[in-house]
**Q** 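Mind looking over this structure? Questions follow.
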Amino acid sequence: ARDNVQIAGSSTVLPYASIVAEVFGENSDFPTPVVESGGSSAGLKRFCEGVGENTIDIANASRAIKDSELATCAENGVTDIVEVRIGYDGIVFASDIDGNDFAFTPSDWYMALAAEMPMDGAMVANTNMDWASVNGDFADQPIMAFIPGTKHGTREVFEEKVLLQGCEDTGAYDAMIEMGMSEDDAERACMAVRTDGLSVDIDGDYTETLARIEADSNGIGVFGLAFYENNTDKLQVATMNEVVPTTESIAAGDYPVSRPLYFYLKAAHVGVIPGLQEFAGFFVADELAGPDGPLSAYGLVSDPELSDTQAAVANLTTLGN
Amino acid sequence: MTDYKISAKGVQVYYGDNHAIKDVDVQIEDKTVTAFIGPSGCGKSTFLRTLNRMNDTIDICRVEGDIRIDGEDIYDPAVDPVQLRAKVGMVFQKPNPFPKSIYDNVAYGPKIHGLARNKSDLDEIVEKSLRKAALWNEAKDRLDAPGTGLSGGQQQRLCIARAIATAPEVLLMDEPCSALDPIATAQVEELIDELRQSYSVVIVTHSMQQAARVSQKTAFFHLGNLVEYGETDKIFTNPEDPRTESYISGRIG
Amino acid sequence: MTDYKISAKGVQVYYGDNHAIKDVDVQIEDKTVTAFIGPSGCGKSTFLRTLNRMNDTIDICRVEGDIRIDGEDIYDPAVDPVQLRAKVGMVFQKPNPFPKSIYDNVAYGPKIHGLARNKSDLDEIVEKSLRKAALWNEAKDRLDAPGTGLSGGQQQRLCIARAIATAPEVLLMDEPCSALDPIATAQVEELIDELRQSYSVVIVTHSMQQAARVSQKTAFFHLGNLVEYGETDKIFTNPEDPRTESYISGRIG
Amino acid sequence: MSTSKHGSLLTLDARTKKRNAAEKRFRAYGLGAIGIAVAALTMLLVSIIANGASSFRQTYISFPVTISAEEIEAAESALLKTGAYNKIIQTGLLAYLSERDLLQDTPEADAFGMISGEAGSTFRKFILANPQAAGTTFQLDLLANGRIDGYYKGRVTAETAVLDKNVTPLQLELADRLAADGALVKQFNFDFFTNPDASDQRPEAAGLGVAILGSLYMMAVVLCLALPIGVAASIYLEEFAKKNWITDIIEVNIANLAAVPSIVYGILGLAIFINFAEFNQSSPLVGGLVLTLMTLPTIIISTRASLKSIPPSIRDAALGVGASKMQSVFHHVLPLAAPGILTGTIIGLAQALGETAPLLLIGMVAFVKEYPAAYSDTAGLFGEAATALPVQVFNWTQRSDPAFVERASGAIITLLIFLLMMNALAIFLRKKFERRW
Amino acid sequence: MLPLSVPFIATAVLSVLGYVVARKRALSVAGGDIRTLTSLPHQHGLNTALSTLLPPLAVMMVWAIGARIAARSDVALVPENPTMVYIILIGLAVTGFVLSLLRISTSFRARTASEGWIMGLLIFASTIAVLTTVGIVLSMVSETLNFFGQYDFRDFFFSTTWSPNFRGDSDLGIIPLIWGTLYISFIALVFAVPVGLFAAVYLSEYAGPRLRSVAKPLIEILAGIPTIVYGLFALVTVGPLLRDYFAEPMGLGQSASSVMTAGLVMGIMLIPFVSSLSDDIINAVPQAMRDGSLGLGATKSETIRKVVVPAALPGIVGAVLLAASRAIGETMIVVLGAGAAARLSLNPFEAMTTVTVKIVSQLTGDTDFGSPETLVAFALGLTLFVITLGLNVMALFIVRRYREQYE
Ligand SMILES: Nc1ncnc2c1ncn2[C@@H]1O[C@H](COP(=O)(O)OP(=O)(O)OP(=O)(O)O)[C@@H](O)[C@H]1O
Ligand SMILES: Nc1ncnc2c1ncn2[C@@H]1O[C@H](COP(=O)(O)OP(=O)(O)OP(=O)(O)O)[C@@H](O)[C@H]1O
Ligand SMILES: [Mg+2]
Ligand SMILES: [Mg+2]
């Protein structure tokens, strides 16, 4: 019989989960849980494979579980799922420490990265090659953006909260609608990223983005807040709408680009796998996930509604109830 | 038929499309030395290899016909070629010592056939075989040296020693003296004569003198056909077939 | 000294600790066939290989002494063994055809030495060489078949053809007729006689008759020593050294 | 002499000159090729060692701490017990610093920050193991925080500390004072090889213990299965199987398996070994089985190639003295083919030892803190969760704290040492079997 | 699942015992003189050991698999009662043990019998490779079908854009990925094959034993360095170098990630695949072949090029195929060296990516696991499988044509 908790899923949640697992192992009589990475998708897939010892107990996810996934879960007999939101992940824009500094708005990013923009009633390819032509206030630096690849959940947030926002802010969206595009088409056009090499998709992780910026000092990359906080000697962060990203500014809702992080607990395993519920409770305890806990110190934006989550874990409130 | 050690009937051998042995019938007697003679490329080695199924190892080679040893069809599916080859030993035309020590080369056969009870038995077999093959004097001080480091003639004698060490009932020798000097040749011929007391020996040779000296029966092959087969004396003095005649008389020296 | 094609002085060859050639002096004349005879393992092949530095390929082999061809020390560091071997061709004791077609086997040398201007030149060289080596009739229909699929004697003739195709000035032949029938042997001997018109040929043989037939000079080796060297007639009729005497008289047939 | 159409041996003719030049070029290409390979290797090794050698040394801070029985009791009743122990450590540190007058203008919080997050746990383990220590004063050796450690390895400097949010120049100055006082020392880092992984906040505590064990177990499985199965399959296909379309299919099939991306073996392993056979997830057993399947084609292809290269005369010789086909193969052909087989094995194992992607899907790319036992009643043979060396490298290169870069390089060095040790035997054997004839 | 370790250990012990006993018995039957035996004592031992071990082992395996299938499909195919199974297994072992011992006589052909068992093992070993293929296809086929249920196969096979999208509605054309795969592998091989071959030739033909014994294992280390190290090497060193000294001056673009970067670095990794194996095979070519050529006045390099390498060709092709396979399956170097962008272009200095990379990234991403964006990984895997199969068939035919067999 398995006596350790088995967790898999999002690599964004992984550092937080392993911090908690480590502390949980040190402070309880249960063995330290095993935390696998492999992506939200793979984690949820294995989570939904069924109930039993050779399936995982907890799936980490950097997005909420989808209805279709819930359906698959139910098909395989995984019905009682507890959704736990552990906090928020801030998404920041940072560039080489020795380079120019930037104060972005979503519009700047839209102007810089859009594949095509409406111009006199027609869609034309983006001609902005440097930041100065995007925004007169910026330094004359070639555009070179390192953004998350389409496999990353971060990319979705970036597209929705930055590109689409910028598209609307600049009026491009309205212009497209005026041109007769459907709302869906216009949204898609807003979020389409140029493919001429000025924007580079990163399928790896933030260390790759950092390495690319070190190799090309004109680069501006998208990072998680926690990653930036650990590398402040190499990166300088850009403001968004004149707000500096910090755990506080994000928790307060001032900094716009962030997303919630979750884990999902298989209620059927509680009582079968020793320490499962204790671990979940430990994860969301104030001592860990609170604003002064180690998770926050590492860069997790603490959830203002943490107490609700704590209650849900304690009562094993399953999804749909 | 029981008088014959080996009897072959209607043997055909093909290498792919090349018809190398054409309908050969031959009876080889026990306790006799039979010589195969014939021009180079006429099929002597090929026929010899059919007698212990060594041609099984050549992909493109196909054998038809009936070959019996002691009355048993050796191409019968029930026959284990391994047993056959233990019974019918062979010395190949090109010396092919194992890349092992001289001792191991000779001891290999006795070892796998369990012919020696112990190490000293084995030593004895090795020594006896090497002596018979007229290699003992040259090899006794370097039994641990690799067999591949011997001279051409020494390798040939090593292969003879290796073959007789397993005490086969029939020994097929493909030009066993081609690389040997007259004295060594004489020793090997003596060995053949000795073997004849109990076994059957088939020898391929290009030397008419040798065939005349050692064999009781001679078979003359030509272009894949067995042209003539009979008493050695008769073949050499009074051949029936003009081809035999001309081959023999065309001899030199 | 200028009369001699090859002159060797105080040659010593060692295989590791084994002293295989002991202080051999010999002068080989141009346009002459020289036969090396001696019991198996006496060092004939070894000495032959020193003459075109083929022993360079054996790690443990060490040569001392002075060997000159046309007055030039072939162990001089300035000498390119490649050029030497082009000049001094060799037929090995064990036939070693390349795993290529018969044609390619023979054409190989002319190709690397640039002896043919074009394909038809090459075809001609191949045909001529095969003819001289008495293999043309058997091989002409299967020039594209692999040389390794030939019979033992055919392989030997293929190697002779391969060696003469490069037109060397000196040809070293290590028992070139050991696997050949009398007729093929006669043809090769004819070839040797023909080559003698312009070149120098050294041949190792175990057949006294052959030595007597083809050679003008004979060298008798024994246990690594050159016991006697002189006119063939003289060696065979009136040897000086008792060892030569006994070796020659010990011959059979 | 002038009759010689080949000319003098001492002077090269034009054609020979050309051919010799070609020869020289050829040789130079060969040497160049080796040069390229060795140069690339050197470059890679130098960069790995330059980055990773420092991980074999670690900075520790040691000072006296006192703890009372009541404090222990209070700490043990808290939710975050290690946090409580941390507080006691901080008190001890402060007392030490003020006694030696080292604190000067460094804020207390900065001083506390110099000690690793691992300290509380180290302390607690020590107390639980030595309950008699209650009420006494004893010397504690604690890990210094990763940035302080980095300062002594050149990763952190006074300039970067100004920018770095996680360290201040004042801390570095204090560290220097501590070092001068003898309280801060750098010593050989045994823990790196024995400790389990640590979370992102404690790079200084992260070690390779679990990964080394996991890799060891997996390699045991791979070696015990892949080598015999691979060699057996090759022998059958090359020596015994009739050459017909079925063997052709198998041959193509094996060559094709070699081209299957390793992650697909992970998919296969998940489906067969975890979902179907219900072996434990994250276990070295499953990892080993997956890697076995992945390595098999490499071993089979190289073994078949070497078997093919053994001349038929050797087989004939053995068969001719009445050896069975099986005997001729096992006694003669196989020993002669051994160098090639061993090479294939070396390369296959090297690949298996360095592979991460298939482990991703069977749950071995993970954060594992518990040492896996080779055998346990509940989990069976090699059934307890573990990671592997390449996984640790992969994990550490993804972490945000730059201290993990050093650790990752250290892990690579360890992996290579591991590989070399494994190869040493194979190389020794290969030399033994190598011969020309 | 009931533990099989008990019967397994029992049969293993019995089998070892069988070896010892049978050997002894054979000797005693022979009256101490092994010459009277048709098979050697150790062959009798081996036969008894294998007769004891293999039948229960086979049953165990079948039974274990059967039990798993039964457990999954809820049908009682096999007895669940462990004692009964134990009895069957141990009974089998004992039967084999006793029967084979009884058969020992001076005339019993234990060699043939034991070789029969070994042959069975050899055949079993070769079926594993086939089973692996079946397993791979089976484990991917249902998800692939699922994918084609949601995504038109024509778009997958013939579309030239690859751009997955979180919200669905993605373009998932495989063509640019296949192009990238072939292009990068090609460049890697163009680098690795000559370098590897030349290295092999040098090591086996020119180098002294000392250099060889050092250089060969050294080069083999290249195969053991984790690919992430190569990736970083590509990203940090080779990429910028190629960009600054080749791509930009030649006006071929300014991307540090490029097909060239990944290809070159991958080529380095592949060197030992070609060199080490080829070296062993070249070394196995008989010296007589070299002598034949050198004796004709060929230079060493001519001998190598025209005689030795052709003779070793089948093995060398095997080595090259292995390298090519590895190139196709590589991920990390491509991610870091060539980037993640799918592109159809001839310019080797542009970023591209491969099928394998996308399999990994789609499988490890954050997308919905039932969506085409994730499932496409399976379709990619299966398609790649079919393509490499085709390439291998081609290779087989080519090798057949040019093979040279010595002796
Ligand atoms: N490669 C080698 N390594 C070690 N010893 C060798 C090697 N080749 C030959 N010898 C030894 O050197 C001596 C002379 O051998 P060589 O081959 O010259 O004899 P040979 O006169 O040609 O004999 P044969 O007529 O049998 O061919 C022999 O004792 C032989 O065993
Ligand atoms: N492995 C093979 N593949 C194809 N043809 C072969 C093979 N072996 C022999 N042959 C052919 O079969 C014929 C008979 O060859 P065989 O070896 O039996 O001749 P032989 O009488 O032994 O000649 P020799 O006296 O030259 O050894 C020859 O034409 C030869 O070329
Ligand atoms: Mg023959
Ligand atoms: Mg010789």
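Heavy-atom basis, side chains included; hydrogens, waters and symmetry copies ignored. Letters go in sequence order (proteins before strands), and every chain restarts at 1.
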**Q** Heavy-atom distance under 4.5 Å to chain D: side chain of E:I268, backbone, both or neither?
**A**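 It is the side chain, since no backbone atom gets that close.
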
**Q** What verdict does the side-chain contact (heavy atoms from CB on, under 4.5 Å) test give for D:L257 and E:I136, after you've listed the backbone C-alpha separation in whole Å, the side-chain angles of each residue and the deciding distance to 0.1 Å?
**A** CA-CA 9 Å; D:L257 281 180; E:I136 285 177; 3.8 Å; yes

**Q** Say whether, by atom type as modelled, one donor and one acceptor occur between the side chain of D:E23 and the main chain of E:T299 under 3.5 angstrom.
**A**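 Here the side-chain-to-backbone pair does not exist.
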
**Q** At a heavy-atom separation under 4.5 Å, does E:I271 approach chain D through its side chain, its backbone, both, or neither?
**A**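 Only the side chain of E:I271 comes within 4.5 Å of chain D.
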
**Q** Give the member of E:V201, E:T127, E:V130 that has the highest number of heavy-atom pairs under 4.5 Å with chain D.
**A**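 Heavy-atom pair counts peak at E:V130.
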
**Q** Working note: E:L122 + D:M326, criterion side-chain contact (heavy atoms from CB on, under 4.5 Å); need CA distance, chi angles, decisive distance, verdict.
**A** CA-CA 11 Å; E:L122 296 186; D:M326 197 75 82; 4.2 Å; yes

**Q** Which bit of D:L41 is near chain E, if near means a heavy-atom gap under 4.5 Å: side chain, backbone, both or neither?
**A**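 Both backbone and side chain of D:L41 come within 4.5 Å of chain E.
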
**Q** Give, as side chain, backbone, both or neither, the part of E:L218 having an atom under 4.5 angstrom from any heavy atom of chain D.
**A**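 Its backbone and side chain both get close to chain D.
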
**Q** What do you reckon, are the aromatic ring centroids of E:Y202 and D:Y29 less than 6.0 Å apart?
**A**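 No, too far apart.
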
**Q** With chain D as the partner, which of E:P217, E:A377, E:P209, E:G381 has the greatest number of non-hydrogen pairs under 4.5 Å?
**A**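 Counting heavy-atom pairs under 4.5 Å, the top option is E:P217.
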
**Q** Which residue out of D:S306, D:S324, D:S262 racks up the most heavy-atom pairs below 4.5 Å with chain E?
**A**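 So the answer, after comparing D:S306, D:S324, D:S262, is D:S324.
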
**Q** At a heavy-atom separation under 4.5 Å, does D:L342 approach chain E through its side chain, its backbone, both, or neither?
**A**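 Interface part for D:L342: neither.
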
**Q** Please rank E:V360, E:L121, E:L384 by heavy-atom pairs under 4.5 Å with chain D and give me the top one.
**A**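 When all of E:V360, E:L121, E:L384 are compared, E:V360 has the most.
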
**Q** Given the rule in the side-chain contact (heavy atoms from CB on, under 4.5 Å) test, do E:F191 and D:I36 qualify, once you have shown the distances and angles that lead to the verdict?
**A** CA-CA 11 Å; E:F191 179 76; D:I36 290 177; 3.9 Å; yes

**Q** Identify which part of E:L363 has an atom lying under 4.5 Å from any heavy atom of chain D, answering side chain, backbone, both or neither.
**A**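 For E:L363, the side chain is the part near chain D, not the backbone.
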
**Q** D:I229 versus chain E, heavy atoms under 4.5 Å apart: side chain, backbone, both or neither?
**A**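 Contact with chain E: backbone and side chain both.
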
**Q** I'd like to know which of E:G329, E:A199, E:P194, E:G315 tops the heavy-atom pair count under 4.5 Å against chain D.
**A**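 Heavy-atom pair counts peak at E:A199.
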
**Q** Measuring heavy-atom distances to chain E, does D:A259 have an atom under 4.5 Å in its side chain, in its backbone, in both, or in neither?
**A**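 Both backbone and side chain.
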
**Q** Is D:L360 in contact with chain E via its backbone, its side chain, both, or neither, using a 4.5 Å heavy-atom distance?
**A**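 D:L360 touches chain E through side-chain heavy atoms alone.
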
**Q** Which bit of D:T397 comes within less than 4.5 Å of chain E, counting heavy atoms only: side chain, backbone, both or neither?
**A**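 Side chain only.
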
**Q** Looking at chain D, which one of E:L232, E:I221, E:L321, E:I328 has the largest number of heavy-atom pairs inside 4.5 Å, strictly under?
**A**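 The residue among E:L232, E:I221, E:L321, E:I328 with the greatest pair count is E:I221.
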
**Q** Less than 4.5 Å to any heavy atom of chain D: does that hold for the side chain of E:L277, its backbone, both, or neither?
**A**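 It is both, since atoms from each part get that close.
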
**Q** Answer with side chain, backbone, both or neither: which region of D:N275 has an atom nearer than 4.5 Å to a non-hydrogen atom of chain E?
**A**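 Both backbone and side chain.
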
**Q** Identify which of D:P339, D:G35, D:G354 forms the greatest number of heavy-atom pairs closer than 4.5 Å to chain E.
**A**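 Option with the top pair count is D:P339.
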
**Q** Quick check on the interface: out of E:E330, E:M332, E:R305, who has the most heavy-atom pairs with chain D under 4.5 Å?
**A**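 Among E:E330, E:M332, E:R305, the one with the most close pairs to chain D is E:R305.
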
**Q** Is chain D contacted by the side chain of E:L222, its backbone, both, or neither, given a heavy-atom distance below 4.5 Å?
**A**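 E:L222 touches chain D through backbone and side-chain heavy atoms alike.
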
**Q** Between D:P261, D:A350, D:G344, who has the most heavy-atom pairs with chain E when the cutoff is under 4.5 Å?
**A**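 That would be D:P261.
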
**Q** Side chain, backbone, both or neither: which part of E:F273 has an atom under 4.5 Å from a heavy atom of chain D?
**A**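 Its backbone and side chain both get close to chain D.
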
**Q** Quick one: what part of E:T237 sits under 4.5 Å from any heavy atom of chain D, side chain, backbone, both or neither?
**A**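 The answer is neither part of E:T237.
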
**Q** Can you tell me which portion of D:L420 sits under 4.5 Å from chain E's heavy atoms? Options are side chain, backbone, both or neither.
**A**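 Contact with chain E is through the side chain of D:L420 alone.
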
**Q** Salt bridge or not between E:E220 and D:R430? Use side-chain N to carboxylate O under 4.0 Å.
**A**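 Yes, charged N to carboxylate O under 4.0 Å.
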
**Q** Is D:P390 in contact with chain E via its backbone, its side chain, both, or neither, using a 4.5 Å heavy-atom distance?
**A**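 Contact with chain E: none, neither part.
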
**Q** Do you know the tightest heavy-atom contact between D:T343 and E:S276?
**A**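 Here D:T343 and E:S276 meet closest at CG2-CB, 3.4 Å.
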
**Q** Give the C-alpha distance, both sets of side-chain angles, the deciding distance and a yes or no for side-chain contact (heavy atoms from CB on, under 4.5 Å) between D:F26 and E:Y206.
**A** CA-CA 11 Å; D:F26 191 77; E:Y206 291 104; 3.6 Å; yes

**Q** Output the option from D:L361, D:L44, D:V38 having the highest count of non-hydrogen pairs under 4.5 Å with chain E.
**A**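 Ranked by contacts with chain E, first place is D:L44.
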
**Q** Is chain D contacted by the side chain of E:I228, its backbone, both, or neither, given a heavy-atom distance below 4.5 Å?
**A**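 Contact with chain D is through the side chain of E:I228 alone.
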
**Q** Report which part of D:V252 has an atom under 4.5 Å of a heavy atom belonging to chain E: side chain, backbone, both, or neither.
**A**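 For D:V252, backbone and side chain are both near chain E.
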
**Q** Before accepting this row, confirm whether a basic side-chain N of the pair E:E302/D:R19 lies closer than 4.0 Å to the acidic partner's carboxylate O.
**A**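 Result for this pair is yes, salt bridge flagged.
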
**Q** Under 4.5 Å heavy-atom distance to chain D, tell me which part of E:I65 shows up: side chain, backbone, both or neither.
**A**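 Contact with chain D: backbone and side chain both.
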
**Q** Would you mind telling me which of D:I254, D:I272, D:I412 has the largest number of heavy-atom pairs within less than 4.5 Å of chain E?
**A**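 Ranked by contacts with chain E, first place is D:I412.
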
**Q** Below 4.5 Å from any heavy atom of chain E, which atoms of D:Q327 appear? Answer side chain, backbone, both or neither.
**A**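 Both backbone and side chain.
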
**Q** Is D:I34 close to chain E through its backbone or its side chain, or both, or neither, when contacts mean heavy atoms under 4.5 Å?
**A**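 Its backbone and side chain both get close to chain E.
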
**Q** Against chain D, label E:F233 side chain, backbone, both or neither, depending on which of its atoms sit under 4.5 Å from a heavy atom there.
**A**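 E:F233 touches chain D through side-chain heavy atoms alone.
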
**Q** Looking at E:F8, I want to see if its CZ is surrounded by more than 12 non-hydrogen atoms of other residues, nucleotides or ligands under 6.0 Å.
**A**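 Incorrect, the count does not exceed 12.
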
**Q** Could you tell me which portion of E:M119 (side chain, backbone, both or neither) has an atom closer than 4.5 angstrom to a non-hydrogen atom of chain D?
**A**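 Contact with chain D: backbone and side chain both.
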
**Q** If you count heavy-atom pairs under 4.5 Å with chain E, which of D:I300, D:I267, D:V393, D:L296 comes out on top?
**A**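 Option with the top pair count is D:I267.
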
